[in-house]
Amino acid sequence: MGKTAVALRLAERIGGEIVSADAFQVYRGMDIATAKPSPEELARVPHHLIDILDPGEEYSAARFRELALPLLEEIRDRGKIPIVVGGSGMYIRVLVDGIFSSPPADRSLRQRLREEEARLGPGYLHGRLGREDPVSAERIHPRNLKRIVRALEVLELTGTPISRLQREWGFPPPVGSEPPFRMIGLRRERADLYRRIDRRAEEMFKRGLLAETERLLEAGWLEAGPARLALGCREAAGCLRGEYEEEEAVRRLSAATRRFARRQMTWWRAERRIEWIDLLPDSSPEETAVRIVNLLE
RNA sequence: GGGGAGAUACCGAAGUGGCCAAACGGGGCAGACUGUAAAUCUGCUGGCUAUGCCUUCGGAGGUUCGAAUCCUCCUCUCCCCA
């Protein structure tokens, strides 16, 4: 979409600092795969929550909120305007609307639950959830193991059904009060967007995605860590393992990125608080930034 | 020139007389989303005046109550021999 460049111009114009709401730009050593701002860009305006973790460390929407909230305050105290930039719908939503407090992921518990499912047959865990937290079971599709496991995990760890915790938090929050923020969305025509995605996938490999991934691989970050899930890393890793050629990896990356972009659009379409800016193929980051400034006035 | 294999929906690929508008995968479209979210999951995907009808399985004929499936010819692709 071109968020990075636009955010940079916007920050320069209104005296802002950029807070990345990205689940993967937090990791060091994943520059190409996550399309991080370049060193020059990073130097032009203060950026936050980029390169703060090693690719094996846990990060999550809730953790993002914990880190971002105080940052936003600091930036305001400095007389600057925080500009939160990201594609992750859930991260933004959790930042803006909050999240019920609950224990973080418990790997071994999750693994145990998954083993039970494997042993006792598909549908077992959902059935159990149906008995212990019917409200959640109703909401979570029987095949969505990941979310079933999380619901059971919270239940075991807290003794309270996740659905109750969620309700008590009251998410989304009551309407009425004017939110202390504006939500701006950038939008492009599908064909334009897909062209850019295709080009970007190619670019990533040209810039050395394979070498970058190789380093992650050697450091052991791709075994089980979060980095393994990053677009670009996945495809590059498959290529390094010899599963397919680079050309195929580019194709896969494009397709995966298009799918990802669509999921994002689905998410944001439902977000009523967004003010949309439609971009043309030749819209420059400068003029887009100006349009946002005008919108904000 | 001779021999063999094949042509299926957007792509790949099953199907080899009725249960086939055609499995499955990819792609595409739409949706869900409360601590891995660049994740995970769901639905749809020939057309229509739609509990039915119409057009589709390289093309044209034919056999049959009935064909993507059998026969004939044609076109194209691939492989082997010359």
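To find a chain, count down the sequence lines: A is the first, B the second, and so on, and within it residues start at 1. Predicted model, so just to flag it, every value in this text is computed and none were measured.
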If the [atom1] atom of [N] is compared with that of [M], how far apart are they to the nearest Å?
{"N": "B:C19", "M": "B:A13", "atom1": "P", "result": "25 Å"}
{"N": "B:A14", "M": "B:A68", "atom1": "C1'", "result": "12 Å"}
{"N": "B:G43", "M": "B:U75", "atom1": "P", "result": "47 Å"}
{"N": "B:G1", "M": "B:C71", "atom1": "C1'", "result": "27 Å"}
{"N": "B:U16", "M": "B:U69", "atom1": "P", "result": "12 Å"}
{"N": "B:A67", "M": "B:C41", "atom1": "P", "result": "42 Å"}
{"N": "B:A39", "M": "B:U56", "atom1": "P", "result": "42 Å"}
{"N": "B:C11", "M": "B:A7", "atom1": "P", "result": "14 Å"}

Assert: residue with more 5' nearest nucleotide on RNA chain B, out of A:R190 and A:R234, is A:R190
Judged by each residue's nearest nucleotide on RNA chain B, which is more toward the 5′ side, A:F100 or A:R143?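 Its nearest nucleotide being more 5', the pick is A:F100.
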Interatomic distance, [X] [atom1] vs [N] [atom2] [rounded to whole Å]:
{"X": "A:E271", "N": "B:A32", "atom1": "CD", "atom2": "C1'", "result": "15 Å"}
{"X": "A:Q264", "N": "B:A37", "atom1": "CD", "atom2": "C1'", "result": "9 Å"}
{"X": "A:I148", "N": "B:A39", "atom1": "CD1", "atom2": "C1'", "result": "15 Å"}
{"X": "A:K3", "N": "B:A38", "atom1": "NZ", "atom2": "C1'", "result": "11 Å"}
{"X": "A:M265", "N": "B:C29", "atom1": "CE", "atom2": "P", "result": "7 Å"}
{"X": "A:L152", "N": "B:G35", "atom1": "CG", "atom2": "P", "result": "13 Å"}
{"X": "A:R110", "N": "B:U40", "atom1": "CZ", "atom2": "C1'", "result": "11 Å"}
{"X": "A:E223", "N": "B:U36", "atom1": "CD", "atom2": "C1'", "result": "17 Å"}

Mind checking if [X] touches a base, just sugar-phosphate, or nothing, with heavy atoms under 4.0 Å?
{"X": "A:A270", "result": "nothing"}
{"X": "A:E58", "result": "nothing"}
{"X": "A:T34", "result": "base"}
{"X": "A:Y59", "result": "sugar-phosphate"}
{"X": "A:Y194", "result": "sugar-phosphate"}
{"X": "A:P226", "result": "nothing"}
{"X": "A:R269", "result": "sugar-phosphate"}

Are A:Y244 and A:L210 connected, step by step, through hydrophobic side chains (Ile, Leu, Val, Met, Phe, Trp, Tyr) whose heavy atoms are closer than 4.5 Å? no
With clusters defined by side-chain heavy atoms of hydrophobic residues (ILVMFWY) lying less than 4.5 Å apart, directly or transitively, does A:Y59 cluster with A:L69?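 Yes, it is one cluster - the side chains of A:L69 and A:Y59 are joined through contacts under 4.5 Å.
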CD of A:E189: more than 12 outside heavy atoms within 6.0 angstrom? no
Flag if over 12 foreign heavy atoms under 6.0 Å of CD, A:E73: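 Not buried by this count: 12 neighbours or fewer within 6.0 Å.
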Is [X] close enough to [N] that one of its side-chain N or O atoms is under 4.0 Å from OP1 or OP2 there?
{"X": "A:R139", "N": "B:C33", "result": "no"}
{"X": "A:S88", "N": "B:A37", "result": "no"}
{"X": "A:R262", "N": "B:A30", "result": "no"}
{"X": "A:R263", "N": "B:A39", "result": "yes"}
{"X": "A:R258", "N": "B:G28", "result": "yes"}

Who is the Watson-Crick or G-U wobble partner of [N], with both distances under 3.5 Å?
{"N": "B:A13", "answer": "none"}
{"N": "B:C73", "answer": "B:G59"}
{"N": "B:U49", "answer": "none"}
{"N": "B:G1", "answer": "B:C81"}
{"N": "B:G66", "answer": "none"}
{"N": "B:G31", "answer": "B:C41"}

Will you find, in the side chains of A:S284 and A:D282, an N or O donor that is under 3.5 Å from an N or O acceptor?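 No.
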Could you tell me whether [X] and [Y] make a salt bridge, using a distance below 4.0 angstrom between a side-chain N and a carboxylate O?
{"X": "A:E203", "Y": "A:R199", "value": "no"}
{"X": "A:E41", "Y": "A:K36", "value": "no"}
{"X": "A:R252", "Y": "A:E246", "value": "no"}

Per the atom types in the model, does the base of B:A38 pair as donor or acceptor with the side chain of A:D22 at under 3.5 Å?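 Yes.
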